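Notes follow once the structure below has been shown.
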Amino acid sequence: MTDELSNDSTYENETRDRTSGLERARTELKRAYVQMGFGQFEEASESCSRAATMLGEHYLPETLRAAVLSASGRHREAIAALKVIRKKYPEQALPHLYFAEACFLSGRRRQAQRALNCAQDCETSTEEASFLERLRTLWNQIEPSEVPPPLEPMM
Amino acid sequence: MSNRIDNFRSGTTGAANKADPGERGGEEKPFGTFIKNAADGALKGIAAVAPILPGGQVVKMAADGLRGFTDGAPDQLGGANGEQMDKMWEMQEENQMFNLQYLQLQEELQADNRHFSTMSNLMKARHDTAKSAINNMHV
């Protein structure tokens, strides 16, 4: 009986720890997103790293860190990072989408289209599906010559 | 923008304006003279045909009267006011040119608007995707 109780409390503690870890990681990722919006790419990347430490094996912190790289104009590094994430989590649509975007912005149109197709094959949330659709629409409207040049690295 | 105005002038209406006198063998007929001749011809025709029709005598007299009026006052159409008519004609052509330019500008604005709207929608979708991914994250 005592053992059962102690097992229960251990489980509860673990769950609580996991939940609070998840919440803290979520906060870090939100922070990273806001920092990215303000152009604080270094800080955003650090926030992603902290979230990754809290979450352990999860695709989102790494994916967001790659998105930070892409937003700061470091498309090549972003593509390399996203390649690894796509291989590790092929069922997740978001790494495919960010990869497609980074490819498109660095002039790799075909690769971008292939990545979009991969994202379409994944199970997507409503938001991801909408993002995918909008990317397709925009790319159909923009000529390759009209694609803006990559940003100058700021980090 | 200034290029386009030049293009319009030299490309379409302006070229047509300059070409016309040459095509007529160098003789420049003011617009007013042209109208006067045309009106005179029409009135002459009406006066010739009117007696055949019943009660056409009155129409003939009226047409002759009108012709007399124009003959009596040649300057009213082909003189100083004729130059004004020519100016009006030119202004009308310019007006057409500006209308064309305005139309082109409107089309460009619409295209820009469409682009802006697409970009805005994309940004929103991008933001919503990241937001929902973070909020729905689970271990």
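These values consider heavy atoms only, across backbone and side chains, with no hydrogens, waters or symmetry-generated copies. If you're wondering where the values come from, they're calculated on a predicted model, not measured in any experiment. Naming: A, B, ... by sequence-line order, numbering from 1 per chain.
Between the T118(B) side chain and the L138(A) main chain, no donor and acceptor come within less than 3.5 Å of each other. A donor-acceptor distance shorter than 3.5 angstrom exists from the side chain of R26(A) to the backbone of N135(B), with no hydrogens or angles considered.
Distance check, rounded to the nearest 0.5 Å: CZ of F131(A) to NE2 of H127(B) gives 12.5 Å. The structure places OG of S125(A) at 10.0 Å from CG of D128(B), a figure rounded to the nearest 0.5 Å. To the nearest 0.5 Å, atoms CD1 (I142(A)) and NE2 (H115(B)) are separated by 6.0 Å. Taken to the nearest 0.5 Å, the CD atom of E127(A) stands 9.0 Å off from the NZ atom of K131(B). Here the OG1 atom belonging to T137(A) is positioned 12.5 Å from the CE atom belonging to M119(B), to the nearest 0.5 angstrom. Atom CG of L122(B) and atom CZ of R136(A) lie 13.5 Å apart (nearest 0.5 Å).
I85(A) and I79(A) fall within a single hydrophobic cluster, where Ile, Leu, Val, Met, Phe, Trp and Tyr are joined by side-chain heavy atoms under 4.5 Å apart, directly or via other members. L132(A) and L60(A) fall within the same hydrophobic cluster, defined by Ile, Leu, Val, Met, Phe, Trp and Tyr side-chain heavy atoms under 4.5 Å apart, directly or through other members.
Looking at every heavy atom in both residues, L64(A) comes nearest to I134(B) through CD1-CD1, 3.8 Å. When all heavy atoms of A133(B) and L94(A) are compared, the pair lying nearest together is CB-CD2, 4.0 Å.
Both the backbone and the side chain of L135(A) come within contact range of chain B, judged by heavy atoms closer than 4.5 Å.
Other residues, nucleotides and ligands contribute over 12 non-hydrogen atoms within 6.0 Å of the CD atom of E91(A).
With a 4.5 Å cut-off on side-chain heavy atoms, M137(B) and Y59(A) do not count as touching. Residues E101(A) and R126(B) are in side-chain contact: their nearest non-hydrogen atoms beyond the backbone lie under 4.5 Å apart.
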